[in-house]
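Working notes, beginning with the structure itself.
Worth saying up front: this structure is predicted, and the values here are computed from it rather than measured.
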Amino acid sequence: MTAGPGTSRMHGYCATGWEGVRDALARDDSGTEIGGVSLAVHHRGQVVVDLWGGRDPIDGQDWTRDSVGTLFSCTKAITSVILLRLVDQGLVDLESPVAAYWPEFAAAGKGAITIRQVMSHLGGLPFVGTTDLTTLYDQRASAALLAAATPVYPPGDHWMYHALSVGYLDAEVVRRVTGRTVGTILQQEISGPRSLDLWIGLPADRDGDFRPSHPVVPADLSLLDGEPTDALEFAALRTAREVVSLMVAGEGASGAAEAMITRAFRAAEIPAANGTANARGLAGFYAALIDRTQPLLSPALLRRATRSQTDLTAPVPPEQVPHRYGIGLDLRNPNNPMLGDGCFGHSGAGGRLGFCWPDEDLAFGYVPTTMGLGEPDLRWAPILDAVASSVRAAG
């Protein structure tokens, strides 16, 4: 394919009948600099798209077959599945209090908050309580802050996005039950056996494949100061500040997110935010989730986890459309349409996207280097339209 205005050369594999997906990926009419990018699709047990291309504007390196980048909130679904696997094994009960597995969590009136509520962003603990990177890189330190915290609202009353806190909450339950971190379990039970380029805590020997993200976010946290009028608005502001503390571009970082170009960030386990993968690894995870022979979760639990937990809750802020969210998995909604009813997965800041479409036995992964706070990403629509067209043509 020849590059031209508004296009980038893509490399890799594209099955017959899926050429429109390759063309949609290569052409960028969204006004967003494409940077480095990878895209992968599995359909009916076969890899039909495995593409990569573009050049990282931060370090000038091409995105290659083995390049990987930060997944941001796509990480949440991976951490959730690791916890759900413990439910499948009978080691965790979704309706049991978190404190049954993590006694310190009962402090400040949290003794009745359930595993299901925490996983579904209904627990009332939307922020960790710090923007200190050393603490955010430390699972135990962040979990200790949450164990001592008082809920912002009565659990179950509101759906409020727990941008970083949900990962530490889920991962601490996993650690208390198994004695292992989510990153360790991911490698031992999921990524390693399936040879997936997918980590929470990138190993040092893959540092050379890491491509940094280039953010379009405020470089000055004071831009998020504001004057909240109530506790929920204050909580939303604190949550945003914690996320931006990881994404700020430093003067010496050539436009990259300063924290993310450090080995400390890549090595840490931030279980809601710093998963690392390429599209092949992300799509492979979702393909494993709906595998017909050895799925990551039992069909019964997956059906339960993909039923909306939030239809009867009030969203925050109140002007938002009620967000449909399962147990640790995002469902089709206006900000993340995926490919229709029955799809589930998770998106991430700047346009990362991974999901399943079980009815069509389809798994999708998209990992760019651009990074922002707004969703949906304008580049999704033509790519998803092309995927849908190829599925229809396949009959």
message = With a 4.5 Å cut-off on side-chain heavy-atom distances among I, L, V, M, F, W and Y, is there a chain of contacts connecting Val47 to Leu282?
response = no
ask   = Are Thr310 and Thr313 linked by a side-chain donor-acceptor pair shorter than 3.5 Å?
value = no
key: Whichever hydrophobic residues join Tyr13 through chains of side-chain contacts under 4.5 Å   = none
ask   = Between Thr293 and Asp291, does any side-chain donor sit less than 3.5 Å from a side-chain acceptor?
value = yes
remark   = Shortest non-hydrogen pair, Gly345 vs Met338, comes out as N-SD, 3.9 Å
ask   = Mind checking whether Ile327 and Leu125 sit in one hydrophobic cluster, side chains of I, L, V, M, F, W, Y counted as touching below 4.5 Å?
value = yes
ask   = Without hydrogens or angle criteria, can the side chains of Thr131 and Glu242 be said to hold a donor-acceptor pair below 3.5 Å?
value = no
ask   = Arg206 versus Trp199: any side-chain heavy-atom pair under 4.5 Å?
value = yes
inquiry  = Would you say Phe210 ends up clustered with Ile200 if hydrophobic residues are merged whenever their side chains have heavy atoms under 4.5 Å apart, either directly or through other cluster members?
reply    = no
task = Kindly say whether the aromatic ring centers of His11 and Trp63 come within a distance under 6.0 Å.
result = no
task = Give a yes or no on whether the backbone of Ala147 and the side-chain of Lys110 come within a donor-acceptor separation of less than 3.5 Å.
result = yes
ask   = If we only count heavy atoms from C-beta on, is the Arg241 to Arg238 side-chain gap below 4.5 Å?
value = no
request  = Check the side chains of Tyr325 and His346 for a donor-acceptor pair under 3.5 angstrom, ignoring hydrogens and angles.
outcome  = yes
note = So CD1 of Ile270 and CG of Leu133: to nearest 0.5 Å the spacing works out to 8.0 Å
message = Do Leu302 and Phe344 have side chains that approach each other closer than 4.5 Å (heavy atoms only, starting at C-beta)?
response = yes
inquiry  = What I want to check is whether the side chains of Thr135 and Asp138 have a donor and an acceptor closer together than 3.5 Å.
reply    = no
request  = Check for a donor-acceptor pair, side chain of Lys76 on one end and backbone N or O of Ala273 on the other, with a separation under 3.5 Å.
outcome  = no
inquiry  = Just by distance, no angles: are the side chains of Ser96 and Arg116 close enough, under 3.5 Å, to form a donor-acceptor pair?
reply    = no
ask   = Counting distance only, does the side-chain N/O of Thr178 pair as donor-acceptor with the main-chain N or O of Arg180 below 3.5 Å?
value = yes
ask   = Does any non-hydrogen side-chain atom of Val152 lie less than 4.5 Å from one of Phe234?
value = no
key: Distance-only side-chain donor-acceptor flag, Arg175 / Gln139, under 3.5 Å   = no
key: Close side-chain approach of Cys343 and Phe364, heavy atoms under 4.5 Å   = no
Run the side-chain donor-acceptor check on residues 384-395: report pairs under 3.5 Å with partners two or more places apart or on a different chain.
{"from": "Ser389", "atom 1": "OG", "to": "Asp385", "atom 2": "O", "distance (Å)": "3.1"}
{"from": "Ser389", "atom 1": "OG", "to": "Arg392", "atom 2": "NH2", "distance (Å)": "3.1"}
{"from": "Ser390", "atom 1": "OG", "to": "Gly17", "atom 2": "O", "distance (Å)": "2.9"}
{"from": "Ser390", "atom 1": "OG", "to": "Ala386", "atom 2": "O", "distance (Å)": "3.2"}

task = Verify the neighbour count for atom CD of Gln46: are there more than 12 heavy atoms of other residues, nucleotides or ligands below 6.0 Å?
result = no
inquiry  = Hydrophobic cluster membership, with links at side-chain heavy-atom distances under 4.5 Å among I/L/V/M/F/W/Y: are Leu146 and Val118 in one?
reply    = yes
ask   = Taking C-beta and beyond as the side chain, do Thr276 and Arg266 meet within less than 4.5 Å on heavy atoms?
value = no
query = How close do Ala283 and Ala363 get, heavy atom to heavy atom, and via which atoms?
reply = O-CB, 3.5 Å
ask   = Less than 4.5 Å apart, any side-chain heavy atom of Val166 and any of Asp170?
value = yes
message = Check this for me, if you would: do Arg194 and Glu189 make a salt bridge, where the nitrogen-to-carboxylate-oxygen distance has to be below 4.0 angstrom?
response = no
ask   = Just how far is it from atom OG1 of Thr114 to atom CD of Glu95, taken to the nearest 0.5 Å?
value = 5.5 Å
message = My understanding is that a hydrophobic cluster links ILVMFWY residues whose side chain heavy atoms are under 4.5 Å apart, including indirect links. Using that, what else belongs to the cluster containing Leu312?
response = none
remark   = In this structure, CZ of Arg379 is separated from CG of Leu353 (nearest 0.5 Å) by 11.0 Å
query = So among Val68, Leu51, Asp66, Asn278, which one has a side-chain contact (heavy atoms from CB on, under 4.5 Å) with Ser38?
reply = Asn278
request  = Indicate yes or no: does Asp341 engage Arg332 in a salt bridge with an N to O separation below 4.0 Å.
outcome  = yes
message = How close do Cys74 and Gly348 get, counting heavy atoms only, and between which atoms?
response = SG-N, 3.7 Å
message = Within a 6.0 Å radius of atom CZ on Arg263, are there more than 12 heavy atoms belonging to other residues, nucleotides or ligands?
response = yes
query = Could you state the interatomic distance from OG (Ser191) to CD1 (Ile185), rounded to the nearest 0.5 Å?
reply = 12.0 Å
ask   = Sequence neighbours excluded, which residues qualify as side chain to side chain contact (heavy atoms under 4.5 Å, CB included) partners of Thr239?
value = Pro126, Phe127, Ala163
request  = Determine whether the side chains of Ser298 and Asp88 contain a donor N or O and an acceptor N or O closer than 3.5 Å.
outcome  = yes
key: Contacts of Phe265 that satisfy ring pair (Phe, Tyr, Trp, His ring centres under 6.0 Å) - sequence neighbours left out   = none
note = Across all chains, not counting sequence neighbours, the ring pair (Phe, Tyr, Trp, His ring centres under 6.0 Å) partners of Phe285 are none
request  = Before accepting this row, confirm whether a basic side-chain N of the pair Glu360/Arg44 lies closer than 4.0 Å to the acidic partner's carboxylate O.
outcome  = yes
ask   = Say you draw a straight line from SG of Cys14 to CD of Glu19; how long is it, rounded to the nearest 0.5 Å?
value = 5.0 Å
key: Sub-4.5 Å side-chain heavy-atom contact between Leu362 and Val41   = yes
request  = Would you tell me whether Ser73 and Tyr161 have side-chain atoms, one donor and one acceptor, within less than 3.5 Å of each other?
outcome  = yes
inquiry  = Checking Arg352 against Ser213: is there a side-chain donor and acceptor pair closer than 3.5 Å?
reply    = yes
request  = Taking His162 for its side chain and Met160 for its backbone only, find out whether a donor-acceptor pair lies under 3.5 Å.
outcome  = yes
inquiry  = Would you compute the distance between atom CZ of Arg9 and atom CG of Asp62 and round it to the nearest 0.5 angstrom?
reply    = 11.5 Å
ask   = Please walk me through it: do Gln309 and Arg324 pass side chain to side chain donor-acceptor pair (under 3.5 Å)?
value = CA-CA 7 Å; Gln309 304 296 305; Arg324 298 183 67 249; over 6 Å; no
Minimal non-hydrogen separation, Thr79 against Gly167, with atom names = CG2-O, 4.3 Å
query = So, the side chain of Ser120 versus the backbone of Leu122: is there a donor-acceptor pair under 3.5 Å, distance only?
reply = no
request  = Would you kindly confirm whether Val174 and Leu329 end up in one hydrophobic cluster when ILVMFWY residues are joined by side chain heavy atoms under 4.5 Å apart?
outcome  = yes
Under 3.5 Å side-chain donor-acceptor pair for Asp330 and His323 = yes
